[in-house]
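Inspection log for the structure reproduced underneath, given as structure tokens.
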Amino acid sequence: RLAVGEALLRLGRNDDALGHMSGALDLIQQLVASAPNQVFWVETLVRAHSDLGDLMLNRGEFTTALDHYNQALAGTAKLIGQAPGNLYFQRDRADALEAIGRYYVRASTAPGVSAAERSGRRSLARSHFEQSQAIWQDWNKRKLAVPFATKRENRVAAHSKNILRG
């Protein structure tokens with residue numbers, strides 16, 4: 001169900017995606033509750049929360065989007081706690097940080113946001129982008145998946161530069 005929801009999200013069919021993703025999230029949460037140390041299910045839960053965050057952000061439901069992104073980030077902390085050297089889990093963490101950064105950029109331009117709120121949200125976006133970028137810089141420094149890490153580092157750097165321009 002999650003994969004179908006992800007495909008529908010990519011097609012821009014947000015309402016259809018929501019039903020699939022919500023159902024998948026419920027099932028995955030039950031699986032994690034019954035096997036909390038099964039990293040495959042925890043990683044799938046991270047992915048589901050991240051996807052739902054994207055979906056909610058597309059729908060303009062900022063509070064719900066941030067909640068899902070924060071749950072994804074918390075899940076990555078659990079995964080990295082179990083296997084600190086796992087590159088997939090580090091990637092998941094970088095992805096979650098980048099998603100939260102994108103959230104704050106988008107939230108900074110929402111209607112009715114004061115200049116002070118806009119500045120605060122941009123600062124939070126920059127902080128999350130920098131944390132994501134640090135993961136990719138570490139991969140490059142250790143010569144791990146260099147082409148991929150370089151591409152991701154550059155993407156996050158571009159997000160940070162856009163904040164400075166905006």
Side-chain angles (χ1 to χ4, degrees), residues 1-12 17 21 24-25 27-29 31-33 35-58 62 65-109 119-166:
R1 295 186 83 177
L2 183 59
V4 172
E6 289 170 331
L8 291 167
L9 178 62
R10 286 186 187 94
L11 292 171
M21 288 182 178
L25 179 64
L27 178 61
I28 296 163
Q29 286 174 325
L31 291 166
V32 169
N37 293 320
Q38 175 52 261
V39 294
F40 173 78
W41 295 122
V42 175
E43 187 175 28
T44 304
L45 183 62
V46 165
R47 192 175 104 210
H49 278 299
S50 182
D51 290 341
L52 278 161
D54 291 345
L55 176 62
M56 293 300 141
L57 191 59
N58 288 348
F62 290 100
L66 184 58
D67 181 52
H68 281 294
Y69 288 142
N70 281 329
Q71 288 184 57
L73 186 61
T76 67
K78 179 177 181 175
L79 290 169
I80 288 175
Q82 291 179 327
N86 186 301
L87 296 180
Y88 291 110
F89 300 163
Q90 291 176 19
R91 180 206 56 204
D92 291 340
R93 184 159 186 84
D95 289 346
L97 289 162
E98 185 178 341
I100 294 171
R102 287 192 320 266
Y103 161 84
Y104 279 116
V105 167
R106 180 105 175 261
S108 74
T109 62
S119 176
R121 290 175 183 180
R122 286 177 177 238
S123 177
L124 287 167
R126 189 175 310 106
S127 171
H128 284 87
F129 288 144
E130 287 170 354
Q131 290 175 65
S132 178
Q133 189 174 18
I135 292 169
W136 302 122
Q137 288 170 339
D138 179 61
W139 281 32
N140 278 323
K141 186 171 139 184
R142 295 188 299 148
K143 309 253 186 271
L144 301 170
V146 173
F148 178 73
T150 299
K151 178 181 175 184
R152 294 297 305 274
E153 181 183 349
N154 290 339
R155 184 171 87 182
V156 175
H159 286 309
S160 292
K161 285 179 187 174
N162 286 337
I163 292 172
L164 295 174
R165 279 189 251 151

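Hydrogens, waters and symmetry mates play no part in the numbers below; they use all other heavy atoms, side chains included.
Salt-bridge check for Arg47 with Asp95: failed, with every basic side-chain N at 4.0 Å or more from each acidic carboxylate O.
Using a 4.5 Å heavy-atom threshold, the side chains of Val105 and Asn162 count as separate. At least one side-chain heavy atom of His159 sits less than 4.5 Å from a side-chain heavy atom of Arg155. Contact annotation: the side chain of Leu97 approaches that of Ile135 to within less than 4.5 Å [non-hydrogen atoms, C-beta and beyond]. No side-chain heavy atom of Asn86 sits less than 4.5 Å from a side-chain heavy atom of Val39. Taking 4.5 Å as the limit, some side-chain heavy atom of Phe62 sits within range of a side-chain heavy atom of Arg106. Side-chain contact between Tyr104 and Ile163 is absent, with no heavy-atom pair separated by less than 4.5 Å. Residues Lys141 and Gln137 have side chains not in contact (no heavy-atom distance under 4.5 Å, counting atoms from C-beta outward). Counting only heavy atoms from C-beta outward, the side chains of Asp67 and Gln71 approach each other to under 4.5 Å.
Residue Gln133 comes nearest to Ala157 through the heavy atom pair NE2-CB, 3.4 Å, listed as atom of the first residue, atom of the second, then distance. In terms of heavy-atom proximity, Gly5 sits nearest to Ala17 at O-CB, 3.4 Å. Ser108 approaches Arg122 most closely through the heavy-atom pair OG-NE, 3.7 Å. The two atoms that bring Ala65 and Gly53 nearest to each other are CB-O, 3.4 Å, heavy atoms only. Taking each heavy atom of Pro36 and Ala33 in turn, the nearest pair found is CD-O, 3.8 Å.
Below 30°, between 30° and 60°, or above 60°: for Phe148 and Trp136 the angle between ring planes is above 60°, a perpendicular geometry. Ring orientation note: the planes of Tyr69 and Tyr103 are nearly perpendicular, at an angle over 60° on the 30°/60° scale.
Summarising the geometry, atom CZ belonging to Phe129 is positioned 10.5 Å from atom CD1 belonging to Ile100; distances are rounded to the nearest 0.5 Å. Put simply, CE on Met56 and CG on Leu66 are 13.0 Å apart, with the number rounded to the nearest 0.5 Å. Here Ile28 contributes atom CD1 and Arg1 contributes atom CZ; the two are 10.0 Å apart, rounded to the nearest 0.5 Å. Here the CZ atom belonging to Phe89 is positioned 11.0 Å from the NZ atom belonging to Lys78, to the nearest 0.5 angstrom. In this structure, Leu31 CG and Gln38 CD are separated by 9.5 Å, a value rounded to the nearest 0.5 Å.
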So Leu9 and Met21, side chain to side chain contact (heavy atoms under 4.5 Å, CB included) or not? Walk me through it.
-> CA-CA 9 Å; Leu9 178 62; Met21 288 182 178; 3.8 Å; yes
List the steps and the verdict of side chain to side chain contact (heavy atoms under 4.5 Å, CB included) for Glu43 and Leu79.
-> CA-CA 7 Å; Glu43 187 175 28; Leu79 290 169; 4.0 Å; yes
Glu98 and Arg102: CA distance, side-chain angles, deciding distance, salt bridge (Lys or Arg N to Asp or Glu O under 4.0 Å) verdict = CA-CA 6 Å; Glu98 185 178 341; Arg102 287 192 320 266; 3.7 Å; yes
Going through the checks in order, is the side chain to side chain contact (heavy atoms under 4.5 Å, CB included) test met by Leu52 and Leu55?
-> CA-CA 5 Å; Leu52 278 161; Leu55 176 62; 4.1 Å; yes
Are Leu45 and Leu25 close enough, and set up right, to give a side chain to side chain contact (heavy atoms under 4.5 Å, CB included), and what steps lead you there?
-> CA-CA 7 Å; Leu45 183 62; Leu25 179 64; 3.5 Å; yes
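Judged purely by atom type and a 3.5 angstrom limit, Thr44 uses its side chain to pair as donor or acceptor with the backbone of Phe40. Under a 3.5 Å cut-off, the side chain of Asn154 and the backbone N or O of Thr150 do form a donor-acceptor pair. Side chain of Glu6 to main chain of Ala48: no donor-acceptor pair is present (N/O by atom type, distance under 3.5 Å, no hydrogens or angles).
Counting only N and O atoms by type, the side chains of Thr76 and Arg93 include a donor and acceptor under 3.5 Å apart.
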